[in-house]
There are 2 protein chains.
Amino acid sequence: MTDDLVLRRQVCFALYAASRALTDVYRPILDEHGLTYPQYLVLLVLWERGDEAPTVSELGARLRLDSGTLSPLLKRLETAGFVDRTRSARDERRVEVGLTAQGRALRERMDEVPRRVARATGLTEAELIGLRDTLTRVTETIHRQKEQ
Amino acid sequence: MTDDLVLRRQVCFALYAASRALTDVYRPILDEHGLTYPQYLVLLVLWERGDEAPTVSELGARLRLDSGTLSPLLKRLETAGFVDRTRSARDERRVEVGLTAQGRALRERMDEVPRRVARATGLTEAELIGLRDTLTRVTETIHRQKEQ
DNA sequence: ACGAGATAGGTTGCGCGCAATCCAATTGCG
DNA sequence: CGCAATTGGATTGCGCGCAACCTATCTCGT
């Protein structure tokens with residue numbers, strides 16, 4: 001069954017290519033605000049948390065990114081003025097990541113972004129939901145397996 | 001409709017997370033052979049071409065990667081002994097990328113890899129095919145739009 | 001109260017991705 | 001033929017992702 005080793009048959013390549021293609025759609029939009037796509041994901045988490053100011057590892061759990069990725073990324077978001085980082089008073093090991101006024105203000109200006117991107121995929125609303133749920137299931141299956 | 005700005009609603013995050021999760025499945029398998037996932041993709045193209053020895057830009061067109069990514073990657077594959085690069089005689093600008101004996105030999109040892117990975121997704125064969133086709137459609141829609 | 005282990009986050013190093021730039025080879029147009 | 005424009009590939013720079021390692025802080029058992 002050597003034919004399985006053919007690029008166009010591989011789900012994995014389709015996933016890899018589609019992920020980069022979608023990032024291509026985001027790039028010019030986010031660029032107007034000086035953001036990268038992973039930085040935008042961090043802001044999405046902060047926006048959805050409201051005033052909770054998650055720690056670095058809570059952000060990491062949500063996005064499945066470690067401190068090696070998040071530390072410098074958050075430093076850049078802080079330099080850009082969207083975020084502030086404060087050592088927790090109760091536990092000096094923790095760093096709480098909160099939105100600045102500028103970071104909160106950005107949310108409204110980003111309101112229509114997901115719909116613009118969704119339109120670019122050419123999929124219907126139902127297809128998008130199905131795709132998202134299948135992908136989420138795959139991700140969770142894989143991570144559940146890794147835990148033992 | 002401010003609620004669209006919520007992480008778990010975003011297809012794009014599902015795609016990003018699933019792509020990294022699947023790469024996680026590949027990593028330990030490819031690691032046994034000293035390969036990274038993008039290097040494996042390059043080998044997939046070379047295996048499927050047989051004796052054709054595509055140029056760097058043909059590889060790039062297939063994988064949607066540019067010379068900035070491929071040049072150093074191919075240099076590493078050459079150092080590892082899987083690939084050779086030769087300037088084309090007819091057009092000195094072109095570099096043809098061919099498999100070494102070691103690169104060809106690797107193919108057999110990789111035979112069952114796609115099935116192992118497919119199993120890790122927890123999806124049925126039909127779901128995998130549907131997913132792949134949807135993703136391919138998305139990628140092609142996006143790239144068609146970019147061309148004008 | 002104290003010392004071993006766990007935990008949180010930062011740093012380093014490396015390999016992508018991608019934009020921007022550069023150079024050499026080729027093409028094409030007058 | 002001759003020169004401008006194009007093409008193919010390499011290089012540089014930067015921001016992820018991720019592994020490996022480090023330090024500071026906290027927890028918990030005794």
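It should be emphasised that the depicted structure is a prediction, and the values quoted were computed from it without experimental measurement. Sequence lines set the chain letters: A, B, ... in the order given, protein chains first and strands last, and positions in each chain run from 1. All heavy atoms count here, side chains included; hydrogens, waters and symmetry mates do not.
T36(A) has no side-chain polar atom (N or O) that falls below the 4.0 Å cut-off from OP1 or OP2 of dG15(D). OP1 or OP2 of dG17(D) lies within a sub-4.0 Å distance of a side-chain N or O belonging to Y16(B).
Following rounding to the nearest Å, D66(A) (CG) and dA19(D) (C1') show an atom-to-atom distance of 8 Å. Between the CZ atom of R20(B) and the C1' atom of dG17(C) there is a distance of 15 Å, given to the nearest Å. Rounded to an integer number of Å, the gap from R27(B) CZ to dC16(C) C1' is 11 Å. The NZ-P distance, from K75(B) to dT11(D), rounds to 4 Å in whole Å. A straight line from CD of E92(A) to C1' of dA8(C) spans 12 Å, rounded to a whole angstrom. Spacing between atom CG of L77(B) and atom C1' of dG15(C) amounts to 12 Å, rounded to whole angstrom units. What separates CG of L73(B) from C1' of dA10(D) is a distance of 14 Å, to the nearest Å. To the nearest angstrom, C1' of dA20(D) lies 14 Å from CG of D31(B).
Nucleic acid contact for T55(B): sugar-phosphate only, since backbone atoms but no base atoms lie under 4.0 Å from a heavy atom of the residue. Using a 4.0 Å heavy-atom criterion, one finds that S71(B) contacts the bases of the nucleic acid, with or without backbone contacts as well. Contact annotation for S67(A): base contact, defined as any heavy-atom pair under 4.0 Å involving a base atom.
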Apply the test salt bridge (charged side-chain N to carboxylate O under 4.0 Å, His left out) to residues R107(B) and E48(B): give CA-CA distance (whole Å), side-chain angles for both, the deciding distance (0.1 Å), then the verdict. CA-CA 10 Å; R107(B) 178 173 180 158; E48(B) 114 186 345; over 6 Å; no
R119(A) vs Q145(B), side chain to side chain contact (heavy atoms under 4.5 Å, CB included): CA-CA, chis, key distance, verdict: CA-CA 11 Å; R119(A) 204 174 322 117; Q145(B) 281 165 12; over 6 Å; no
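Taking the side chain of R85(B) as heavy atoms from C-beta on, and the options dG17(D), dG10(C), dA10(D), the nearest nucleotide is dA10(D). Considering only side-chain atoms of P38(B), the nucleotide from dC26(D), dT6(D), dC16(C) that sits closest is dC16(C).
Sequence order on DNA chain C of the closest nucleotides to D91(A) and T69(B) puts D91(A) first from the 5' end. Annotation: of the two residues near DNA chain C, A89(B) and R76(B), the 5′-most nearest-nucleotide partner is R76(B).
Under the 4.5 Å side-chain criterion, counting only non-hydrogen atoms from C-beta, L46(B) is not in contact with R49(B).
For the residue pair A14(A) and T139(B), the shortest heavy atom distance occurs at O-OG1, 4.3 Å.
Ring orientation note: the planes of Y40(A) and Y26(A) are tilted relative to one another, at an angle of 30° to 60°.
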